[in-house]
Amino acid sequence: MTVMELKIRARDYGAELAAATLPRVPAGSHPLANCPSSQQVKDVSREEVDFDDPLRATTRKVEDFSKNVEQVELATTRGIDHELNKVSSKEWAAFKRSLTQRFPVTQTISTTLTSDIVMRSDRAPEKSLASVHLDELDDPKKFAEKEARVLTKQEYLSQLNEFKEEIRRAWLAGDRVTSLRTSIKVARLLLDTSVLQFYPTLFVLVIDTMDMLGDLVWDRIKKKAEFSDDGSQICSLSGTFTSNDVCSEAKETCSNWFCKIGSIRELLPRIYLELAILHCYRFLQDNFFATIQRLTMMMRGIADPLAYIYCHLYMVSCVHKLPLPSTDFLIDSISDIETALKRIVLVKESSEENYEHRKMLFNLMEPTIEWIMKCVFRGCSQSKINDVSVKVGLGRNQLTMTENVPCISIILHHFIKQLPIEVVNTKAWEILQVIECCNDISLDQYFNFRLLGLKLSECRPTRNVADAIIGRIFQAGSQLDDIYKYLKVADAYLDLVLQYQMDQYLAIILGGIFVRIGSKRATEDESDSLQSIYGKILNHFCNLEDIFSLDYFIEILDTVHGVSRNTVNMRILKKATRNGYIQDPRMIQLLFEVARSLHDSIDYANMKNEDHQQPSHHICLFVSKVDFVADLEQHLTFLIECRAVFRNTNEIKETLVHSCNSLAVKAIRDEEKRLDFVRSCIAFNEVTIPSITNVIGRMNSYLETAEVALLGGLVPHTDELIESAIDTLRSLEMSDGAQLPSGVGGIFPLVRKLCSFLVIVPGNLDEGTTWAPRNIISTVNPVSCTIPEFRIKTFCAVLLLSAALAQDKLPYHSDNREIVGNDQLFFGEPSYFRELESISSVVLQNLIDGVQQESSPVVRGNLALEACNCVVSSFEASHETTRICAKLMEIAKSCLQSKHGYLQNTLRVTNKYIANVPVNVSAFSAPTIQRESISSSPLQ
């Protein structure tokens with residue numbers, strides 16, 4: 001078998017580094033401290049800026065912006081800003097969607113009073129609502145059996161949509177009477193509140209139909225006002241037109257519509273139809289207060305409280321379309337709603353069924369109260385706020401009030417919610433007094449206690465006010481036996497407690513929680529509240545020692561479970577690792593238990609890798625920050641305990657290996673050179689590393705440990721660890737064509753790192769001086785059959801390693817001066833250099849074939865260039881090497897564009913290299929080489 005004659009190129013690495021390093025000139029000042037004079041801006045106010053940069057905005061632009069803001073505010077006050085109206089329309093549409101989502105429709109709907117309206121066919125004689133009432137009074141049982149219907153959700157919705165289309169078709173056909181009659185049928189549906197959960201959805205569907213009719217009527221009247229019967233235009237009504245701008249014919253048509261609706265016998269349909277066309281009053285008059293007051297008084301005749309309150313909600317929506325400068329009517333609506341709710345609150349029946357029915361009613365009414373209260377405070381003046389405050393009881397003497405219910409709790413809740421924080425700040429004590437007087441079925445009192453705390457946390461009251469209110473709150477809170485309610489209230493006031501360092505109240509809060517929760521497992525909702533409380537405490541205190549010293553802190557934490565517990569544990573570990581190393585043994589033990597709890601609560605088997613990366617990251621930070629100072633044995637014992645506990649993630653195991661290596665380095669640098677301890681550390685790693693399932697992490701851990709072993713002068717351990725790293729590469733053998741982990745870019749840097757490390761590792765006389773490079777080549781060969789890129793890159797790394805080992809002076813040496821480098825160990829030994837040239841020859845023989853196996857042309861071209869550069873930098877020019885370079889360049893030229901930068905640079909280098917051989921390279925053909933098997937026996 002013929003081996004190519006190669007001569008490894010002698011290199012002076014120091015001289016090459018100096019030649020390739022850019023000249024350095026000391027900088028007298030920071031290069032970004034001052035801009036060049038040609039780029040300095042002398043007058044920023046005159047600079048033309050052609051892009052939106054808030055940092056370079058001129059004063060003039062800021063003034064223009066301020067003027068625009070003032071104009072917008074003025075337009076809002078006058079009620080003529082159409083963009084704001086559009087936003088309100090979007091808010092209303094979003095609110096209607098939230099109603100249907102909050103109270104979803106059941107699959108079946110049982111109807112009684114209005115079932116004949118929905119299910120009757122057009123041919124059947126229409127039965128009046130009055131007749132239905134009379135039948136029910138004559139024989140209620142018979143009526144229930146005969147009239148009750150059970151419809152599916154889809155049947156009910158389909159019928160309503162059919163009604164809507166019927167109105168539209170009749171209108172387009174000119175049949176206004178049919179449109180009106182069908183609209184009355186649809187409005188009658190809102191009389192039926194037998195299925196409470198369905199009513200909000202029914203309301204949304206009905207008012208959509210009402211709004212459609214109102215728009216049709218508006219368009220018809222507006223068209224009569226702007227065009228004559230022959231189609232000629234009379235005028236064009238602007239958005240701010242008045243009734244004087246409307247012709248008499250249009251006014252007559254408008255009045256006719258209101259007269260038709262006024263003749264409807266049933267009260268609720270009549271109100272809804274008039275509200276639907278309420279904005280058409282603009283064609284008749286300019287003052288609408290009397291009309292709104294009349295409608296408000298008419299609604300008082302609606303007996304059903306649910307239908308009554310939703311009717312108020314629709315009125316607020318319709319009045320919004322009118323150009324009203326004041327919203328005083330909303331205060332009257334709130335007052336009327338409060339009166340209606342008091343009837344429900346004061347009901348004396350106390351059966352469980354009645355109680356649940358009333359709770360459901362208030363649950364259904366709450367969104368309407370919230371929306372109306374939000375409209376009250378939109379653009380509300382201070383005087384209007386005072387009026388509403390009086391309605392809910394603020395400013396009245398609570399002791400002299402004769403009313404059984406001073407204010408409905410649910411109304412008070414949404415009043416406080418919308419109240420500006422500066423008002424809450426000035427009237428906090430009065431609000432608290434009203435809350436104490438309002439404890440009814442509409443809304444649990446703790447909601448208002450909690451809301452007041454949240455508002456006070458925003459406005460930051462004085463310490464005296466905060467102290468008085470918090471003292472009163474926790475006096476009342478002592479009566480809260482329910483742990484969930486107690487947690488909600490405590491969480492709301494905890495910000496103030498911590499801000500003013502009221503340690504006595506913090507102790508009361510934690511003690512109250514412990515008494516109520518005991519040792520039982522917290523529910524999910526309770527855990528969420530405890531997570532919020534613990535988060536605030538962790539943010540407030542600087543030192544974990546102060547936190548762990550709080551009474552019941554650890555005991556309460558043990559009751560938290562699930563995601564909340566994991567979140568708290570991660571925040572504790574994050575705080576612990578933020579301020580340097582952890583050296584207190586007691587603190588280390590507490591944090592170890594926290595980390596153990598975090599680790600054990602995660603189901604690693606059923607979670608994706610990215611789901612447990614964050615918990616693992618915090619545990620790794622904790623492990624790496626632990627420091628037992630000079631007690632290295634205790635630190636190693638700690639790592640052993642961690643290995644036993646944190647056994648489920650590669651990241652933690654890699655951190656343990658790295659921490660153990662850091663311990664070993666500390667022992668090596670110790671004056672006593674504690675090599676026995678270093679051996680213990682290496683033994684720890686040799687046990688830990690095989691359990692790392694990630695190939696990259698395992699190989700990197702082997703290499704890092706080998707470096708530490710060599711630093712300690714433990715050459716046999718170093719050789720074993722290198723062999724284990726190479727065996728890790730062998731585990732990449734894939735016969736099914738699978739890809740390397742993280743691609744070639746993930747594993748190849750470690751191969752290059754291994755080859756770089758082998759430069760300073762003394763040759764093994766028993767295994768052969770080049771046993772490691774030979775094992776690398778034979779190991780990656782099966783893997784590279786399916787991935788030529790990995791094979792070629794590894795070959796190049798081995799070539800560069802061989803070239804470095806063959807130098808008279810190695811480019812670098814071990815920090816341990818007792819380790820003799822190969823340049824001294826085999827200096828002038830011919831067999832050593834022959835072995836290096838032999839392994840280089842084997843690599844070169846397989847280089848071209850390996851490049852040609854790559855299927856991607858671009859990758860194949862880049863690999864050819866990399867291999868060519870490797871040959872040029874490693875060997876002196878010869879007939880064989882120039883043939884190989886010529887063939888590699890031919891491959892690169894056929895795969896890459898002629899202007900490719902890497903190709904052009906390599907051509908220049910290769911031409912200089914070939915110039916040393918008196919041969920016409922362009923005439924070269926591919927070299928004919930007798931190839932030697934890479935997996936052959938050790939080279940001699």
Side-chain angles (χ1 to χ4, degrees), residues 326-328 330-335 337-339 341-342 345 366 369-440 442-477 480 488-500 502 505:
S326 175
T327 56
D328 290 345
L330 291 172
I331 300 177
D332 296 332
S333 290
I334 291 293
S335 181
I337 290 173
E338 183 180 12
T339 302
L341 295 183
K342 283 182 180 179
V345 169
E366 183 175 9
I369 298 171
E370 181 179 12
W371 178 263
I372 295 173
M373 193 67 76
K374 186 183 296 185
C375 294
V376 169
F377 279 87
R378 181 174 296 169
C380 188
S381 63
Q382 185 61 46
S383 61
K384 295 299 185 294
I385 293 178
N386 293 335
D387 292 343
V388 183
S389 299
V390 173
K391 293 288 184 184
V392 300
L394 291 182
R396 288 184 285 176
N397 189 340
Q398 306 299 322
L399 298 177
T400 59
M401 285 190 301
T402 57
E403 300 172 283
N404 293 328
V405 183
C407 178
I408 302 301
S409 182
I410 195 171
I411 293 180
L412 177 62
H413 179 81
H414 290 290
F415 166 77
I416 300 173
K417 189 175 182 179
Q418 299 298 328
L419 201 61
I421 58 174
E422 57 271 12
V423 179
V424 175
N425 196 8
T426 57
K427 296 181 176 293
W429 187 254
E430 294 180 48
I431 294 173
L432 178 58
Q433 289 180 311
V434 176
I435 292 174
E436 290 177 335
C437 296
C438 298
N439 188 14
D440 54 64
S442 65
L443 192 69
D444 200 305
Q445 193 179 41
Y446 86 91
F447 281 108
N448 288 331
F449 282 139
R450 169 179 167 78
L451 181 58
L452 178 60
L454 295 175
K455 300 287 281 190
L456 289 175
S457 297
E458 293 182 33
C459 62
R460 304 294 186 185
T462 63
R463 181 184 178 87
N464 292 335
V465 172
D467 194 8
I469 289 179
I470 293 174
R472 188 73 169 266
I473 287 292
F474 282 105
Q475 183 180 357
L480 292 174
K488 285 295 184 182
V489 175
D491 184 28
Y493 289 90
L494 188 58
D495 283 322
L496 291 175
V497 170
L498 296 174
Q499 178 190 358
Y500 294 114
M502 301 177 181
Y505 290 123

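Predicted model, so just to flag it, every value in this text is computed and none were measured. Hydrogens, waters and symmetry mates are skipped; everything else that's a heavy atom, side chains included, is used.
Remark: Asp444 pairs with Tyr446, Phe447, Lys485 by the side chain to side chain contact (heavy atoms under 4.5 Å, CB included) rule, at least two apart or across chains. In this structure Arg463 satisfies the side chain to side chain contact (heavy atoms under 4.5 Å, CB included) test together with Tyr500, Met502, sequence neighbours excluded. For Lys374, the salt bridge (Lys or Arg N to Asp or Glu O under 4.0 Å) criterion is met by no residue, not counting sequence neighbours. Scored by the salt bridge (Lys or Arg N to Asp or Glu O under 4.0 Å) test, Asp467 finds no partners at all (sequence neighbours excluded). In this structure, Arg460 has no salt bridge (Lys or Arg N to Asp or Glu O under 4.0 Å) partners at least two apart in sequence or on a different chain. Under the salt bridge (Lys or Arg N to Asp or Glu O under 4.0 Å) criterion, Glu458 pairs with no residue, sequence neighbours left out.
For Thr339 (side chain) and Ser335 (main-chain N/O), a donor-acceptor pair under 3.5 Å exists by modelled atom type. Looking only at distances, a side-chain donor or acceptor of Tyr493 sits under 3.5 Å from a matching main-chain atom of Phe449.
With rounding to the nearest 0.5 angstrom, the CD1 atom of Ile337 is 5.0 Å from the CD1 atom of Ile334. The NZ atom of Lys342 sits 7.5 Å away from the SG atom of Cys407 when rounded to the nearest 0.5 Å. Interatomic distance, Gln418 CD to His413 NE2, rounded to the nearest 0.5 Å: 10.0 Å. Atoms CD and CD1, on Gln475 and Ile470 in that order, are 14.0 Å from each other to the nearest 0.5 Å. Atoms CD1 and NZ, from Ile385 and Lys427 in turn, are 10.0 Å apart once rounded to the nearest 0.5 Å. Lys455 NZ to Glu422 CD: the interatomic distance, rounded to the nearest 0.5 Å, is 9.0 Å.
Test Ile416, Ile369, Leu443 against Ile411 for side-chain contact (heavy atoms from CB on, under 4.5 Å) and you get one pass: Ile369. When each of Ile435, Val434, Val489, Leu419 is tested with Leu452 by the rule side-chain contact (heavy atoms from CB on, under 4.5 Å), just one qualifies, namely Ile435. A side-chain contact (heavy atoms from CB on, under 4.5 Å) with Asp440 holds for exactly one of Leu341, Leu412, Ile410, Val345; it is Val345.
Heavy atoms only, all atoms of each residue included: Cys459 and Ile421 are closest at CB-O, 3.6 Å. Ala492 and Ser457 make their closest contact through O-OG, 3.3 Å (heavy atoms, listed as atom of the first residue, atom of the second, distance). Taking both residues in full, the closest heavy atoms of Lys417 and Glu370 are given as NZ-OE2, 3.1 Å, listed atom of the first, atom of the second, then distance.
The aromatic rings of Phe415 and Phe377 lie tilted to each other, with the angle between the two planes from 30° to 60°.
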Tell me, with the steps shown, if Leu432 and Ile473 meet side-chain contact (heavy atoms from CB on, under 4.5 Å). CA-CA 8 Å; Leu432 178 58; Ile473 287 292; 3.5 Å; yes

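For Thr462 and Asn464, the side-chain atoms include no donor-acceptor pair closer than 3.5 Å.
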